[in-house]
Amino acid sequence: MPKQTFIYASKVTPSEDTIKLRGWVYRIRKMKDKIFVILRDASGIIQCIGSENQLSSEAWNMLNEAAIENYITVEGKPVEDNRAVNNVEVKLTNFRIMHKGEIFPIAKDQSKEFLLDNTHLFVRSYKATNVWKVKASVLRAAREWFFENDFYETTPPILTGSACEGGSTLFSLKYFDHTAYLSQSIQLYLEALIYSLEKVYAITPSFRAEKMRTKRHVNEFWHIEGEEAFVDFEGNMKIQEELVTYIVQYVLKHNAKEFKELKRDTSVLETIKAPFKKVSYKEAINTLNENGFDLKWDQDMKTEEERALSNIIGEPFFVRDYPSSHKPFYVKLHEDDPKWCFSADLMAPEGFGELITGGQREDVLDTLVRRIKEEGWKVEDYDWYIDLRKYGSVPHSGFGLGAERLTWWLCGLETIQETLPFPRTRNRVYP
RNA sequence: GCCACCAUAGCUCAGUCUGGUGGAGCAAUCGGCUGUUAACCGAUCGGUCGCAAGUUCAAAUCUUGCUGGUGGCGCCA
């Protein structure tokens, strides 16, 4: 008899041959002379049925002892049956518990706090597994798009001696005899690399020490950042909308099963196609004021307003040309009216809000130095960055996409924390 | 940083307002059971009511402090 290997639950189809599966007990329902056990593996779940009169007494006894999350191996014949989960089930001829262990602590009733305390066990839950698969697709699709469009993947440092987004939200740590910081964005380093590779990207963790408690924030997230030489503000938005469209189409094609399990209605996602709608900041304020808000032209949009705008527009859209005072020193200003700047945020529909911030960078030496001073930063802290404008400075643009923000929206989840296996939040750095 | 809220059995919660012998469901254990869909039925087991102090004849319950956690906001991806 040829050696049989284990197959995945999702690959099981009715056949005359006996198959072998391995995985964990997802559910088990016991009756007098038959037992239903749902086996879970990386691919999904499948129902197995064991009857007392078709199993050895050893196998039957083991089946009676089986409990949630035991590691098991099974053998049996796959048959069609419309009473089973996916209309196929395995009639067991053999059953073994490979590791019984203790009673699994996560059961039917779970509070958010309990799940976070047991995150290391919750990662194996069926829902979480589906999210990890979508997120893996997001990262893979992003890399594919960059590769297809001649971007080079680069590896900038995560440990850094200077701030990018401002001092108050930096995590600091001891670096030999100095203080170093965890990266908030590798943008400044990517700007250096365009002078070598022209079109670069990186996927790195970013850290923000913000003491916020919202469903949109985590203190450690994965940042998909791109930077391109010779690309202006408009061209940068084109890159972003094509990248996002590619990722959306990729997950729709490859993750239909996961979306179904997550009960995500994908009809909105199916309509998404570049180019995206673009509204100026001024227009956005006007639209909001027409819908019952009372905002001034230079007022910052708050979460409530952003969410309202996202629901009004109902598709992905850019808010472009922000007031300069709202954006950092590296953003290029409009030459004719420096009150406005070349910065745009890409918003997701359905009230999910910001996915990307991007824009054209200031490439003129004097203007950059002036802006750093105006914002109250020390010029010497940015010496190397300023240097980039001294030797063949070129117009360039870039953006930062939050992998978790995107996954959150694509999966239609309650909170962004659910897109990370071990989310780092204000009160959680363990496990 | 600001504002709320929560802490009672392994888990989810009721009981707190109005002080007077700590409850239910799930899990676990035992038994029953018709192909179950987080099965169902019966029984058993299970508690320093987050910690500390105060008020009171009497505190899970009222007061104060502390600890841990959750939600929302500023900010942002």
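Atoms considered below: every heavy atom in the structure, side chains included; atoms not considered: hydrogens, waters and symmetry mates. Letters A, B, ... are given to chains in the order of the sequence lines, protein chains preceding strands, and every chain is numbered from 1.
Protein atom CD of A:E65 is 15 Å distant from nucleotide atom C1' of B:C30, rounded to whole Å. Following rounding to the nearest Å, A:N64 (CG) and B:G32 (C1') show an atom-to-atom distance of 14 Å. If you measure from atom CG of A:L121 to atom P of B:C11, you get 14 Å, rounded to the nearest angstrom.
Heavy atoms of A:E306 sit under 4.0 angstrom from at least one base atom. Nucleic acid contact for A:F221: base, since at least one base atom lies under 4.0 Å from a heavy atom of the residue.
Comparing the same atom, P, in B:C30 and in B:G68 gives a spacing of 41 Å after rounding to whole Å. Comparing B:G71 with B:G32, their P atoms are spaced 46 Å from each other, to the whole Å. With both ends at atom C1', the span from B:A9 to B:A14 equals 13 Å, rounded to whole Å. If you take atom P in B:C49 and the same atom in B:A4, they sit 29 Å apart, rounded to whole Å. Going from the C1' atom of B:A7 to that of B:U12 covers 14 Å, rounded to whole Å. Taking atom P on both B:G74 and B:C11, the two are 34 Å apart, rounded to the nearest angstrom. Look at the C1' atom in both B:U61 and B:G50: the space between them is 16 Å, to the nearest Å. Taking the C1' atom of each, B:G20 and B:A28 are spaced 34 Å apart, rounded to whole Å.
For the pair A:T407 and A:I416, the minimum side-chain heavy-atom distance is 4.5 Å or more.
Base pairing analysis places B:C11 opposite B:G25; the two distances defining the Watson-Crick or G-U wobble pair are each below 3.5 Å. As the counterpart of B:C5, B:G69 is assigned, both hydrogen-bonding distances of the Watson-Crick or G-U wobble pattern falling under 3.5 Å. Both distances falling under 3.5 Å, in either a Watson-Crick or a G-U wobble arrangement, occur for no nucleotide opposite B:U56. With both pairing distances under 3.5 Å, B:C75 is matched to nothing as a Watson-Crick or G-U wobble pair.
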Practice item. Go through the steps for A:L401 and A:L355 under the test side chain to side chain contact (heavy atoms under 4.5 Å, CB included), then give the verdict. Key: CA-CA 6 Å; A:L401 164 63; A:L355 295 176; 4.2 Å; yes
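Remark: A:K327 NZ is packed, more than 12 non-hydrogen atoms of other residues, nucleotides or ligands lying under 6.0 Å away.
Listed by chain and residue number, A:Y281 satisfy the ring pair (Phe, Tyr, Trp, His ring centres under 6.0 Å) test with A:H326 (two or more places apart in sequence, or in another chain).
Between A:E69 and A:R40 there is a salt bridge, since at least one side-chain N of the basic residue sits less than 4.0 Å from a carboxylate O of the acidic one. Salt bridge annotation for A:K112-A:D117: absent, with no cationic side-chain nitrogen under 4.0 angstrom from a carboxylate oxygen. Salt-bridge formation is not detected for the pair A:R96/A:E75: no Lys NZ or Arg NE/NH1/NH2 atom is positioned less than 4.0 Å from an Asp or Glu carboxylate oxygen. With respect to A:E354 and A:R216, no salt bridge is recorded, no charged nitrogen being found less than 4.0 Å from a carboxylate O. Looking at A:E418 and A:K127, a side-chain N of the basic residue comes within less than 4.0 Å of a carboxylate O on the acidic one, giving a salt bridge.
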Study note, to complete from the structure: Under a 4.0 Å heavy-atom criterion, the protein footprint on nucleotides 34-41 of chain B, written with B, S and -, is SBBBBB--
Study note, to complete from the structure: In 5'-to-3' order, the base (B), backbone-only (S) or no-contact (-) status of each nucleotide in nucleotides 66-75 of chain B, using a 4.0 angstrom heavy-atom cut-off, is ---SBBBBBB
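Nearest-nucleotide mapping onto RNA chain B: of A:D345 and A:I68, the residue sitting toward the 5' end is A:I68.
For the pair A:K20 and A:F6, the distance from NZ or CZ to the six-membered ring centre is under 6.0 Å and the angle to the ring normal is within 45 degrees.
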